[in-house]
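Can you read through this structure? Questions will come right after.
Both backbone and side-chain heavy atoms feed into the values below; hydrogens, waters and symmetry mates do not. Each chain gets a letter, A, B and so on, in the order the sequences are listed, and its residues count up from 1.
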Amino acid sequence: MDKKVVSGYLKNITAIMVVYAIVFYLIQIKVINNYYNGILILAGIYIIVAASLNLATGYLGQLALGHAGFMAIGAYTAALFAIAVDLPKYVELVAGLILGGLMAGIFGLIIGIPALRLRGDYLGIVTLGFGEIIRIALLNLPFTGGAAGLKGIPRYVNFTEIYFLVVVVIAFLFAFIRSRHGRAILSIKEDEIAAESVGIPTTFYKVYGFVVSAFIAGVGGGALGFYQRILDPKKFNFMFSVEFFIIVVLGGMGSITGTIIAALALAFINEFLYSIDELRLVFYALTLIILMIFKPDGLLGRKEFSLIKLLNRFSKKTKIENAD
Amino acid sequence: MAQFIQQVINGLNVGSIYALIALGYTMVYGIVKLINFAHGDILMIGAYFGFFALATFNVPFGLALVVSMILCALVGMTIDRLAYKPLRNAPRISALITALGMSMLLQNLFRLLFGAQPRRMPAVIALKRIEIAPGIAISNLAIITILLSVGLMLLLEFIVKKTKTGKAMRAVSEDKSAAKLMGVNVDKTISITFAIGSALGAVGGLLYAINYYQVEPYMGMMPGLKAFVAAVLGGIGVIPGAMLGGFVIGLIETLTKGYVSTTWADAFVFGILIIVLIFKPAGILGKNTREKV
Amino acid sequence: AGNDAEPTTPDATETETETEASGEAVRLGLLAPTSGALAPYGQAVKNSVELAIQEINAAGGVNGADVELFFYDNEGDSTKTVNLFNKLVDVDKIDALIGPVISTTTLAVAPIANELGIPMISPTATNKDVTPGLDYVFRACYIDPYQGSVVAKFAMENLEAKTAAVFTNVGSDYSDGLAKAFTETFEAGGGTITDAEGYTDADNDFSAILTKVKANAPDVIFVPDYFNMVGVVASQVRELGIESVLLGGDGWDGIQNDFAAEVEGYFFANHYSTTDPDPIVQDFIASYEAQFGETPNALGALAYDATNVMLAAIIAAGSTDAEAVLVALKATDMPAVCGYITFDENGDPIKDISIITVKDGKLELEAKVSGN
Amino acid sequence: MLKVENLNVYYGAIHALKGLSFEVNKGEIVTLIGANGAGKTTTLHTVSGLLKPTEGSISLMDKTITGVEAHKILGMGMAQVPEGRRVFAKMTVQENLEMGAFLRTDKAEIEESYENIYRKFPRLKERRKQLAGTMSGGEQQMLAMGRALMSKPDILLMDEPSMGLAPILVKEIFDTIVEVNKQGVTVLLVEQNAHMALSIADRAYVLETGKIVLEGNAKELLDHEDVKKAYLG
Amino acid sequence: MSLLKTEHIGMTFGGLKAVSDFSIEIKENELVGLIGPNGAGKTTIFNMLTGVYAPTEGKVLLGETVVNGKKPYQIVNLGLGRTFQNIRLFKGLTVLDNIKIAFHKDMSYTTLSAVFRGKKFWKEEKEIEIKARELLGLFNMEADAGALSSNLPYGKQRKLEICRALATNPKLLLLDEPAAGMNPQETKELMETIAFIREKFKVSILLIEHDMSLVMGICERIVVIDYGRMIAAGTPAEIKSNEKVIGAYLGQ
Ligand SMILES: Nc1ncnc2c1ncn2[C@@H]1O[C@H](COP(=O)(O)OP(=O)(O)OP(=O)(O)O)[C@@H](O)[C@H]1O
Ligand SMILES: Nc1ncnc2c1ncn2[C@@H]1O[C@H](COP(=O)(O)OP(=O)(O)OP(=O)(O)O)[C@@H](O)[C@H]1O
Ligand SMILES: [Mg+2]
Ligand SMILES: [Mg+2]
């Protein structure tokens with residue numbers, strides 16, 4: 001590890017902690033009230049799930065329209081676990097999230113192995129169908145609480161928990177994508193035949209990428225349950241999957257920072273639109289269409305936004321300004 | 001036994017409506033390569049047009065159908081011009097999102113315009129049940145629906161396979177610039193595609209609304225999704241496939257409800273879709289053409 | 001990113017308040033789904049709440065102050081409901097909440113409202129788990145099990161039914177709750193359930209299950225769902241020539257508008273009857289029709305009652321102080337559109353239940369069963 | 001016949017054609033040669049309306065066609081054998097040829113044209129029912145050529161028609177070009193096989209990074225020192 | 001020792017026999033040309049050798065291993081690299097990433113090591129960064145390392161594809177029409193490049209090409225097929241004067 005890398009890490013960690021400290025302070029002094037806090041937490045969950053979808057769609061290039069299903073699996077697994085056991089909060093939280101992720105990952109594997117032989121839109125429809133099957137199962141299975149929902153989940157997720165969960169997931173994804181494994185996944189999106197011809201086991205990496213994506217979506221689902229305390233199977237429908245899809249495309253397929261920005265932007269735009277009540281959804285739809293027409297590659301395309309670079313540029317500027 | 005045959009008839013009736021909607025889906029997909037998620041909402045619009053024609057202006061059913069088809073064709077073409085045309089060269093997923101946006105827009109626009117309350121579709125076709133055997137009956141409406149969907153499928157197949165416009169459509173679907181070099185007006189061809197697809201949606205919508213008595217802004221979502229599944233099951237882009245897929249889905253759904261479980265019926269439909277695709281990755285009638293390397 | 005600037009309170013309020021009244025306005029929140037599949041119900045609730053507030057404001061307000069309404073469309077989604085509830089509390093600073101409309105969303109909000117000490121009345125959340133253990137949570141409707149068993153008793157005693165089929169919308173806990181209670185009571189009374197069928201919101205072809213039911217020919221079919229769905233079921237029942245009598249719950253209300261012919265001679269439990277001569281009922285119907293051009297349904301009537309009960313409690317408490325309002329709510333004892341209302345220890349109303357039948361396309365009161 | 005003046009074309013920020021001017025007279029074979037990326041394909045695409053120039057004018061038989069849409073240009077008598085063949089992969093060979101005759105209505109003559117094409121390329125006849133996408137590279141090239149000829153053009157633009165063809169076919173293709181030309185079709189030919197191209201052409205232009213750097217009689221250019229060094233190897 | 005050996009392989013598409021009874025053997029350090037009319041089945045042979053298609057008849061041996069039915073990536077791991085007739089680059093990625101992907105099989109760090117940025121990760125990443133740049137250097141393409149591969153001119157794209165195939169460290173390299181779309185001058189440069197690769201990487205090369213100056217100029221041995229069958233084999237001089245080949249392929 002050279003110095004540049006180490007200093008990069010330090011800068012990143014500092015930035016992460018500073019942002020956390022600021023937001024945390026604002027919550028403490030109630031500048032960020034419960035309401036905004038809630039939006040931030042939800043945005044965090046959206047970031048996690050959308051980022052996982054970005055892995056499957058933006059990087060691996062597979063049309064996945066059933067991420068709400070993986071989320072649901074994660075959510076119910078984590079919630080049922082936490083309801084069943086009686087352990088310290090953080091143990092239950094972490095174990096619940098991991099279990100939720102694992103269960104979603106297992107389902108990702110089961111559906112992924114056959115489905116990933118299909119291409120493009122066919123894969124899309126299979127994942128969509130899978131999501132629907134999960135939703136129907138949750139309505140009908142004996143242990144999920146049915147239509148009335150699963151109640152009595154402990155509230156373990158607050159701003160702090162979700163913030164660091166987002167940090168961990170994003171850091172993981174960045175590290176994963178910028179490695180040989182990530183490059184293998186990217187090459188499949190670009191040209192599967194060529195990838196195979198330079199020695200990439202494409203089937204393996206497709207399934208692997210998909211399972212990792214499902215795992216993270218499951219973790220996101222778990223977090224949703226721990227925040228909301230009640231799970232409603234109706235929530236995990238096709239339109240919910242679509243919401244994440246919109247975030248991914250809007251942010252830029254293949255840009256994690258784009259996903260983060262889009263998730264935050266959409267969360268706040270959505271809330272802002274409540275002020276026009278009746279017209280809200282019409283405007284939302286129009287916004288979406290217009291954004292796509294003018295920015296078909298999403299906000300960031302495949303580029304990543306770097307705070308450090310921005311800060312560097314900024315600090316250079318201020319230095320120059322200070323000089324005179 | 002009588003009950004089983006009755007269930008099959010029920011299934012065919014449901015299936016024929018899915019088939020009608022699936023035809024429009026498959027047509028647009030086959031040519032523009034766009035999963036037009038707004039197609040279900042075109043169905044809703046068609047139903048509303050039909051509703052107003054029938055309930056407000058009291059025109060005869062045939063005329064209402066034609067008016068609704070023409071208006072929907074215009075709506076379809078306009079949507080294409082405004083929302084999809086600017087994205088012809090953009091990544092396909094962006095167009096997909098636009099289609100989803102369009103779907104949301106139409107639903108909510110119609111909710112604003114005409115309210116969320118469902119409206120009762122007038123019973124335009126005097127409902128008759130024709131007893132074909134003891135305990136087995138089929139309604140005249142079901143017969144009309146089934147015949148109409150088969151007829152339109154044949155017409156569509158003829159248009160795409162045998163006419164010049166159809167040939168242009170297929171050329172456009174493969175390579176737009178090459179089609180241009182052959183003298184094909186790409187924009188016009190795509191417009192026609194949307195017009196036909198949407199007109200079919202209108203037929204589907206009107207029949208759906210009559211079969212299920214009401215119109216409301218969100219009525220297109222579920223049949224739209226099912227029809228899409230039907231199109232994929234049959235082999236998306238393949239016109240007879242859409243028809244077949246529609247009937248298969250209708251049958252599976254009805255028979256599952258009749259004999260297995262009503263609550264799991266949709267899960268069965270999707271489950272069977274998944275299984276079929278695993279063994280026939282391009283759908284029942286789709287050809288799995290491999291890319292030549 | 002500082003967030004110190006409080007966003008200007010969005011003008012979400014729908015109240016046509018005239019001039020500012022003297023005192024500090026009473027701030028009521030309302031959460032109801034006005035988009036999506038549930039929009040028809042949410043819209044009825046919203047209309048009625050607005051109506052109630054208008055009337056009170058016109059009559060001089062509450063404790064000398066105007067009532068201001070803050071409404072948001074929660075789309076029937078629990079996550080959004082919690083968020084919007086936070087918004088109502090933190091941004092709009094509401095004193096009390098009317099809503100939410102459906103049980104799942106109410107279940108999501110109720111514990112939070114209780115923690116924060118915001119008194120709330122859901123007009124229509126019928127799930128039995130909504131109120132127990134939560135002091136601040138009330139409702140204006142009766143609960144699912146109660147309704148379901150009353151209908152079952154009615155079927156056995158008044159219709160002398162021995163066999164019944166039960167259709168459940170499995171996607172709706174309302175439908176589920178009623179169906180369970182009906183089944184229990186019916187079987188306990190010696191009846192037989194011939195078919196127990198489920199379906200979902202996405203269904204509208206019932207020919208498959210009806211074909212089965214036809215073969216069994218039960219005396220009654222219990223279809224506890226909202227009227228749109230019931231209309232479709234009833235039409236297909238008629239189409240298939242099934243002779244069994246359909247029964248339902250309060251969700252049927254409104255069915256007479258579009259499906260009067262199809263449900264002719266069927267029965268359902270309801271909160272009120274539009275033919276009830278009580279002036280409180282007729283006045284409500286008259287002003288609702290004047291304003292919205294349609295007859296209010298039971299959801300509307302319940303929402304109207306809920307609002308009036310809440311406002312009456314605030315008046316009785318003399319302030320919007322949550323503790324005081326709570327005490328006043330518990331002491332509620334007043335006439336309302338859906339019958340005279342008092343609350344039990346859970347915050348559930350104790351009131352009459354009406355069995356309505358459809359005769360010549362009009363709703364008629366068949367029987368009135370008194371509260372538990 | 002075809003006159004191009006001061007053509008400027010951009011791909012986003014890339015300035016691909018920088019003030020290009022040339023003309024093709026009736027009955028001529030004119031060839032455009034140049035290294036990879038010089039802008040030959042861009043030129044053909046612009047002339048046939050697939051790309052819009054930011055500046056400059058194009059006229060076909062004294063009619064301005066700048067900005068006219070591509071599908072109308074075919075009707076004005078200009079056809080193109082595009083780079084990379086661009087056959088309709090999911091249509092059969094026969095259907096591809098039918099597409100070539102898309103704007104024609106003279107049924108009897110169309111039949112005759114098929115026969116002509118099939119005579120020229122017997123392999124196509126053999127495979128008339130095969131999906132074009134499964135044909136070998138060279139077979140597809142023949143098909144692309146046949147398809148363009150099906151429109152009975154007055155002027156034919158060809159982008160590297162010999163690419164990927166067997167030597168024996170290369171000769172045949174060039175023979176075909178000459179033959180077509182003799183029948184009155186004007187030809188604008190883009191080729192990497194500069195030697196062959198120059199030997200059948202009347203005139204030639206040499207393109208370098210979006211500019212014409214040399215023009216003249218084809219046979220003379222064949223002996224030109226710079227051309228020899230850069231393009232003839 | 002033979003690197004590659006096929007025993008009577010054949011390929012049928014539906015009713016069409018694209019290749020039949022094709023046997024060939026390639027030894028270390030050989031440069032062999034595969035020529036034949038369009039549609040003769042050359043590309044199909046490449047596809048069978050590399051596992052894109054499974055031969056419907058016969059056996060393909062790489063060294064001692066029978067590779068029928070093996071996946072393309074497994075065959076790459078056994079030392080067979082290729083380029084495509086229609087260039088297949090990872091268009092949306094940089095030139096450098098195109099090469100790095102091809103080093104995948106030479107690396108072994110795990111996901112865990114990648115995520116926690118372990119020692120092995122840094123070591124291997126550094127190694128391939130150097131190797132990839134070296135490789136580009138050999139083709140005079142260092143300057144393009146950061147460019148998007150789709151923005152390269154055609155000739156460079158061809159070179160990049162060869163370069164990428166070399167990064168898999170093959171013992172035998174298959175080139176499908178490497179000179180297509182190049183002018184004679186560029187073709188000449190390509191011939192030098194091929195000769196150089198062969199020296200430097202000690203690979204055997206089997207190439208398909210219609211440009212006779214290239215084939216006759218550098219191949220030691222040429223195999224000619226027509227209608228899927230071998231019709232001649234021999235040195236360039238022999239092939240040039242073979243009547244059958246002249247009739248079917250070269251022309252007068
Ligand atoms: N779609 C495109 N987007 C951006 N740049 C392009 C595009 N197409 C071509 N270019 C650039 O424009 C220039 C001219 O390209 P063009 O394809 O016209 O060259 P050419 O002379 O036909 O080359 P070749 O012999 O390789 O076919 C090149 O620098 C090329 O990289
Ligand atoms: N997937 C396929 N389906 C059907 N036929 C095919 C398929 N792939 C190739 N063919 C046929 O097999 C024959 C051999 O094709 P191939 O691509 O191997 O030829 P080639 O020798 O490489 O020709 P060229 O020099 O023109 O590239 C051709 O006639 C082609 O049409
Ligand atoms: Mg070119
Ligand atoms: Mg080939």
Side chain / backbone / both / neither for E/A248 at chain D, heavy atoms under 4.5 Å: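 Backbone only.
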Using a heavy-atom cutoff of under 4.5 Å, enumerate the residues of residues 231-246 of chain E that contact chain D, numbered in order, or state 'none'.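 Checking residues 231-246 of chain E against chain D gives E/I246.
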Do E/N38 and D/Q141 get their side chains close enough for a donor-acceptor pair, meaning under 3.5 Å? no
Identify the heavy atoms of E/P153 and D/N36 that sit nearest to each other, and give their distance.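 Heavy atoms of E/P153 and D/N36 come nearest at CB-O, 4.4 Å.
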Run the side-chain donor-acceptor check on residues 195-202 of chain D: report pairs under 3.5 Å with partners two or more places apart or on a different chain.
residue, atom, partner, partner atom, Å
D/S199, OG, D/H195, O, 3.2
D/S199, OG, D/M196, O, 2.7
D/D202, OD2, D/I29, N, 2.7

Looking only at heavy atoms, the pair that brings D/S136 and E/G39 closest together is OG-N, 2.9 Å
Strictly distance-based, threshold 3.5 Å: is any side-chain N or O of D/K171 a donor or acceptor partner for the main-chain N or O of E/L250? yes
Separation of D/Q192 CD from E/Y154 OH (nearest 0.5 Å):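 It comes to 9.0 Å.
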Among E/L16, E/N151, E/I35, single out the residue with the greatest number of heavy-atom pairs under 4.5 Å to chain D.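 Max contact count across the listed options: E/L16.
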List in chain and number order the residues that pass side chain to side chain donor-acceptor pair (under 3.5 Å) with E/K159, two or more places apart in sequence or in another chain; answer none if no residue qualifies.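 Per chain and number, E/K159 pairs via side chain to side chain donor-acceptor pair (under 3.5 Å) with no residue.
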For D/K18, is the NZ atom crowded, meaning more than 12 foreign heavy atoms sit under 6.0 Å from it?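 For D/K18, atom NZ is crowded (more than 12 foreign heavy atoms under 6.0 Å).
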At what distance, to the nearest 0.5 angstrom, does CE of E/M182 lie from CG of D/N193?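 These two atoms lie 14.5 Å from each other.
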Taking atom CG of D/L131 and atom CZ of E/F13, what is their separation to the nearest 0.5 Å?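 The CZ atom of E/F13 is 12.5 Å from CG of D/L131, to the nearest 0.5 Å.
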For residues 209-220 of chain E, give me every residue with a non-hydrogen atom less than 4.5 Å from any non-hydrogen atom of chain D. E/H210, E/M212
Do other residues, nucleotides or ligands put more than 12 heavy atoms under 6.0 Å from the CD atom of E/E199? no
Shortest non-hydrogen separation from D/A166 to E/P37 and the atoms involved: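 Looks like CB-CA, 4.0 Å.
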Please check if atom NZ in D/K52 has more than 12 non-hydrogen atoms from other residues, nucleotides or ligands closer than 6.0 Å. yes
Does D/K211 NZ have over 12 foreign heavy atoms under 6.0 Å away?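 12 or below, so no.
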With heavy-atom distances below 4.5 Å as the criterion, would you say the side chains of D/R85 and E/N86 are in contact? yes
